[in-house]
S.K.: 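Below you'll find the structure I mean.
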Amino acid sequence: MEDLRLQRAVGAVERHSVWALSALLALSGALLMYMGRGLSFYYDEWEWVVNDYYGGTHWLLVAHVGNISVFPAALYRLLFHLVGLDHYAVFRLDVTVLHLIGGALVYVLAARRIPRVPALLAAALILFLGAAWEDLLWAFQVGYLLSVAGGLATWALLERRRGRFNDLAAMLCLLVAAGSSSLGIPVMAGVAVELARRRPQRRRLWIVAIPAALYVLWYETNGASQVTAEGLIHAPGYAAELAAAALGGLVGHGLDWGQPLAVAGLLILLYCLARPAPISARLSGLLTAAAVLWAITAAARSTISPPESSRYIYLGAVLIVLIGVELLRGVTITPRMSALATVVVGFCALTGVTLLHSGAIGLRTTSRTVTAEIGALEIAAAYAPGAYQPDPVHAPPVFAGPYLRAVRSIGSSPADTPAEILASEPSARAAADGVLLALEAPRPRPLGTTPLPALAPAPALASLGHAAQSPHAECVRLTQLPGPPMTATLALPAAGLLIRDEGPAPTALALKRFGEGFTALPASVAAHSAEVLAVPADHAAHVPWQLQLASSSPLSLCSL
């Protein structure tokens, strides 16, 4: 009875597989857009914002971190014109759509070889590949996703009836794969091996030859190798770990699970290859693509990034799934096996969502910090040297001069407004204060022999510690009480503050504006002196500086 129910359930899914696939695609897309809420441009992505918007089309051919990026760069420039810099969700939508296309193509390729329920499970492994969270959430990875989608579309088209239009479409898809990132290299290698193995179809090798020739031409004129001698030394072990990381990523874990799975997977693969049945051309191509992918990634990145970096997982996981599908070709898959596999894939998907969530939190925290910092840069734009970097760690390409020119040219900004900075988390507000303190922090200047400026009503103190206050002409006088040095905080008047230190000890100064904590100024008010703390005018006058004073000398504070 139980087997009969399983058969009916599997049969129902088989009959409605398109609807099941649609549901998986909708769920994956909604999850990714929700997880990626609140993100903005990140790290290398800023290079396209600040540098590549001007002058001709040469920027299309510039290598980005060693990668060809013709199609991603063109897409970014188009989006700059259409939506500007303040709608990052549109940039992310491109990555999400390409990911869904990739998942759908995995299903199409798998459904031509195995029953539709296992094919749906193969697609689900990719659609909920949370271990590859950088590729799924960071819009800059559109290049990788274009290469993957282009390669999968090429493989799908190669299986259709031959014809000029079909072959031309396959060549164009492969051209997109080759022109979007270095992942196009293993894809081209895999397609070339597959066509070479199919003797009647060797004449179709021009499908690969044209994109490959154009890639070589680009590399000779604009390419930049990242392969080093040290990288080659570490490459073999690193390549093995890349494969293990991809396997671990498929089950929602890292190398701890991936390494034993890789050993088991290799033994299964060797067993299947040792069978008397011939190796299919597709399997040969997929194995070649995987080997080339891990070899070139290891040669270029083994001394730069750990092998389990999430951006290295996506294509490897796709190839592993497709290789598994090829090995299952001709194997009888019972309803009970399908049910068990559904449970396993569901577990992997849930674990992957946990990794996706963790990655999204990290990216969102960084985005909020950077958008607050560049918001502060725009507030203090009049005081920013062109070579100033608001965040060399998370946004190294952003220099004040090029960034401000790009914002003016594009006509929009990804930065937080003063109100958004105030509403942000404490760490982001503190980072914004760091930028403002570097660019326009008020500095005490001796009053000297210059006439005393006109005074405004005495400043209102926000807090006072270990001191007594009393009015003194148009000022307020502070006198220390017995105990530790007195402290006082107040909002700096827009025209500035006159501070008279009337005792033998200097007065320490600290400032904050958006943040919660005060930052000490390197300069203090000297003992027995009168100094003016002037406030530079900027675009956020409604958010005044907060001043904290600490001294054991009597003080007189006057608003200018």
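Heads up: numbering here begins at 1 and tracks the sequence.
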S.K.: What are the two closest non-hydrogen atoms of P459 and L557, and how far apart are they?
M.R.: CD-O, 3.6 Å
S.K.: Quick one, L490 with V476, criterion side-chain contact (heavy atoms from CB on, under 4.5 Å). Give me CA distance, side-chain angles, the key distance, then yes/no.
M.R.: CA-CA 12 Å; L490 70 156; V476 61; over 6 Å; no
S.K.: Would S181 and N67 count as a side chain to side chain donor-acceptor pair (under 3.5 Å) here? Give the steps.
M.R.: CA-CA 5 Å; S181 76; N67 278 278; 4.7 Å; no
S.K.: Please report the shortest heavy-atom distance between S559 and P493, naming the atom on each side.
M.R.: OG-CG, 3.4 Å
S.K.: Taking S424 for the side chain and E420 for the main chain, is one N or O donor matched with an acceptor at less than 3.5 Å?
M.R.: no
S.K.: Give me the one residue out of F399, F41, F140, Y76 that meets ring-ring contact (aromatic ring centres under 6.0 Å, His included) with W46.
M.R.: F41
S.K.: Determine which pairs satisfy side chain to side chain donor-acceptor pair (under 3.5 Å) with at least one residue from residues 386-395, sequence neighbours left out, and list them in order.
M.R.: D391-H394
S.K.: Has H528 got more than 12 heavy atoms of other residues, nucleotides or ligands less than 6.0 Å from its NE2?
M.R.: yes
S.K.: Strictly distance-based, threshold 3.5 Å: is any side-chain N or O of S302 a donor or acceptor partner for the main-chain N or O of A299?
M.R.: no
S.K.: Report the distance from atom CG of L549 to atom CG of L461, rounding to the nearest 0.5 Å.
M.R.: 9.0 Å
S.K.: For C348, what residues pass the disulfide (SG to SG under 2.5 Å) criterion, not counting sequence neighbours?
M.R.: none
S.K.: Could you tabulate the donor-acceptor pairs under 3.5 Å formed by side-chain atoms of residues 20-30, not counting sequence neighbours?
M.R.:
unit_1	atom_1	unit_2	atom_2	d
S22	OG	V18	O	2.8
S28	OG	L127	O	2.9

S.K.: Say whether, by atom type as modelled, one donor and one acceptor occur between the side chain of S367 and the main chain of S40 under 3.5 angstrom.
M.R.: yes
S.K.: The criterion is side chain to side chain donor-acceptor pair (under 3.5 Å); which residues satisfy it with Q141, sequence neighbours excluded?
M.R.: D135
S.K.: Using modelled atom types only, decide if a donor and an acceptor are shared between the side chain of S529 and the backbone of V525 within a distance under 3.5 Å.
M.R.: no
S.K.: Is it true that atom OH of Y238 has more than 12 heavy atoms of other residues, nucleotides or ligands lying nearer than 6.0 Å?
M.R.: yes
S.K.: Please list all pairs passing the salt bridge (Lys or Arg N to Asp or Glu O under 4.0 Å) test where one or both residues lie in residues 510-528, with sequence neighbours left out.
M.R.: R429-E516, E440-R513, R513-D538
S.K.: Answer yes or no on whether R37 is positioned over the face of Y34, meaning its NZ or CZ is under 6.0 Å from the six-membered ring centre and within 45° of the axis.
M.R.: yes
S.K.: What residue pairs, at least two apart or across chains, pass salt bridge (Lys or Arg N to Asp or Glu O under 4.0 Å) with a residue in residues 545-560?
M.R.: none
